[in-house]
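This report refers to the structure that appears directly beneath it.
Numbering starts at 1 and runs along the sequence shown. Whatever order the structure lists ligands and atoms in, that order sets their numbers, starting from 1.
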Amino acid sequence: MYKDKIIWITGASSGIGEALASALAKEGAKLVLSARRTDELQRVKNTLNLADTNSLILPFDLSDTKNIQELTQQVISKFGRIDILISNGGFSQRSFAKDTSLEIDRKIMEVNFFGTIAITKSVLPYMLAQKSGHIVVMSSIAGKFGFYYRSAYAASKHALHGFFESLRMEIATDKVKVLIVCPGKIKTNISLNAINAEGATHNKMDASTNLGMSAEACAHQILKGIKNNSEEIFIGGKEIRAVLIKRLFPKLFSKLIKKQKPE
Ligand SMILES: NC(=O)c1ccc[n+]([C@@H]2O[C@H](COP(=O)([O-])OP(=O)(O)OC[C@H]3O[C@@H](n4cnc5c(N)ncnc54)[C@H](OP(=O)(O)O)[C@@H]3O)[C@@H](O)[C@H]2O)c1
């Protein structure tokens, strides 16, 4: 299914994005790899033995998407089409709402929400013209409920659901699909790279993240979700049960979630 497909992955320099690049390279996909750090994207390309003809490194910052149309044009010039966009790039938060400035809240929204919809809006006209395409967007279980230290992060992920559920309905007849992925705890650098109230990196591996599912297993589930034309998938360990508990027993959920350790 993925052989020779043109797949653009953001956040491909690390964690889940890198694991997706690795799994898709094995399937023979042609990959466009984006993130801010060019050297890390180059490392991923070298590790995966990607040939220049089958890959493109396209660094950019999701908080500054002024030139996103030029970048999209570069992908189209090289490969002629985009089959799958995996909008995975993003970062987390470790600070209480009361201590976090509006500037930091906006920074999180800018990358996780506006950056994600900017690349989507840039790719969308090509997918609509092709009458095919798959948009995969990386939310979180924090896109389904709030948690300690995650006010702006959870808001940015909740916002993705509102946007992409609406978009899915609007483009269904054009044969462009939307998959929203909600991981729980996945063992990546997410907590190390999260920002605190001052905007500095948290720089600490959370104990629960350290015990999380591997990025490779997560990538495997995501590729299965794309193949199955799923609309929304939950990936992780027992923490993802919280989504169902909230839906079915909201009062019980409220009691249980407050007892969880903030980290
Ligand atoms: N790990 C989890 O437990 C978990 C759970 C739920 C959801 N998620 C979501 O999964 C996605 C991937 O996270 P991960 O766990 O793989 O963490 P990660 O290892 O920290 O990877 C984050 C990726 O996003 C890129 N990125 C961050 N800020 C960016 C920016 N301003 N512009 C462009 N790229 C940026 C990073 O690359 P550069 O630093 O090179 O830019 C990196 O490639 C995120 O959207 C995250 O919210 C993760």
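- Scanning the protein heavy atoms around atom 37 (O) of ligand 1, the nearest turns out to be Ser13 OG, 2.9 Å.
- Of all the atoms in ligand 1, the ones that sit under 4.0 Å from a non-hydrogen atom of Ala35 are 34 (N), 37 (O), 38 (P), 40 (O), 41 (O).
- Side chain of Glu27 to backbone of Ala29: no donor-acceptor contact under 3.5 angstrom is found.
- On a distance-only criterion, Leu62 and ligand 1 share at least one N/O pair closer than 3.5 Å.
- For atom 24 (O) of ligand 1, the closest non-hydrogen atom of the protein is Gly90 N, 3.3 Å.
- Residue Asp61 approaches ligand 1 through these ligand atoms, each under 4.0 Å from one of its heavy atoms: 30 (C), 31 (N), 32 (N).
- In this structure, the protein non-hydrogen atom closest to atom 11 (C) of ligand 1 is Asn88 O, 3.0 Å.
- For the pair Phe91 and ligand 1, the shortest N or O to N or O distance does not fall below 3.5 Å.
- Using modelled atom types, one side-chain atom of Thr10 and one backbone atom of Gly89 make a donor-acceptor pair closer than 3.5 Å.
- Residue contacts with ligand 1 include Ser139, since one of its heavy atoms falls under 4.0 Å from the ligand.
- Between Leu211 and Lys187, every side-chain heavy-atom pair lies at or beyond the 4.5 Å cut-off.
- Under 4.0 Å is where a charged nitrogen must lie from a carboxylate oxygen, and between Arg43 and Glu18 at least one such pair does.
- Within the listing of ligand 1, atoms 16 (O), 19 (O) sit less than 4.0 angstrom from a heavy atom of Gly15.
- No donor-acceptor pair closer than 3.5 Å links the side chain of Tyr2 to the backbone N or O of Ile7.
- Summary of contacts: the protein heavy atom closest to atom 47 (O) of ligand 1 is Tyr153 OH, 2.6 Å.
- Ranking the protein heavy atoms by distance from atom 39 (O) of ligand 1 puts Arg36 NH2, 3.0 Å first.
- Nearest protein heavy-atom neighbour of atom 17 (O) of ligand 1: Thr188 OG1, 3.5 Å.
- The closest side-chain heavy-atom distance from Tyr148 to Lys261 is not below 4.5 Å.
- Ion pair Asp206/Lys204 not flagged as a salt bridge, since none of the NZ, NE, NH1 or NH2 atoms sits closer than 4.0 Å to an Asp/Glu carboxylate oxygen.
- Looking at Lys185 next to ligand 1, no N or O pair under 3.5 Å apart turns up.
- With salt bridges taken as basic N to acidic carboxylate O contacts below 4.0 Å, none links Asp61 and Arg37.
- Closest to atom 21 (O) of ligand 1 among all protein heavy atoms lies Ser14 OG, 3.6 Å.
- Shown here is His158, whose NE2 atom has more than 12 heavy atoms of other residues, nucleotides or ligands within 6.0 Å.
- Within ligand 1, the atoms closer than 4.0 Å to a non-hydrogen atom of Gly11 are 23 (C), 24 (O), 25 (C), 42 (C), 43 (O), numbered from 1 in the order shown.
- Counting only distance, with no hydrogens or angles, the side chain of Thr72 and the backbone of Ile68 share a donor-acceptor pair below 3.5 Å.
- Ser230 places no side-chain N or O within donor-acceptor distance of the main-chain N or O of Ile233, the cut-off being under 3.5 Å.
- Closest protein heavy atom to atom 4 (C) of ligand 1: Gly184 O, 3.9 Å.
- Against a heavy-atom cut-off of under 4.0 Å, Ile16 is close to the following atoms of ligand 1: 10 (O), 15 (O), 16 (O), 48 (C).
- Atoms of ligand 1 found under 4.0 Å from any heavy atom of Asn189, numbered from 1 in the order shown, are 19 (O), 20 (O).
- Between Pro183 and ligand 1, a contact under 3.5 Å exists for no N or O pair.
- Annotation for ligand 1: atoms under 4.0 Å from non-hydrogen atoms of Gly89 are 24 (O), 45 (O).
- Residue Glu18 places no heavy atom under 4.0 Å from ligand 1.
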Note to self: Applying salt bridge (charged side-chain N to carboxylate O under 4.0 Å, His left out) to Asp83 and Arg81, what does each step give before you reach the verdict?
What the structure shows: CA-CA 6 Å; Asp83 295 302; Arg81 57 186 289 120; 2.8 Å; yes
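- Residue contact annotation: Glu40 has no non-hydrogen atom under 4.0 Å from ligand 1.
- Looking at Asn193 next to ligand 1, an N or O pair under 3.5 Å apart turns up.
- Distances shorter than 4.0 angstrom do not occur between any heavy atom of Thr10 and any atom of ligand 1.
- Within ligand 1, the atoms closer than 4.0 Å to a non-hydrogen atom of Lys157 are 45 (O), 46 (C), 47 (O), numbered from 1 in the order shown.
- In this structure, Thr209 has no heavy atom closer than 4.0 Å to ligand 1.
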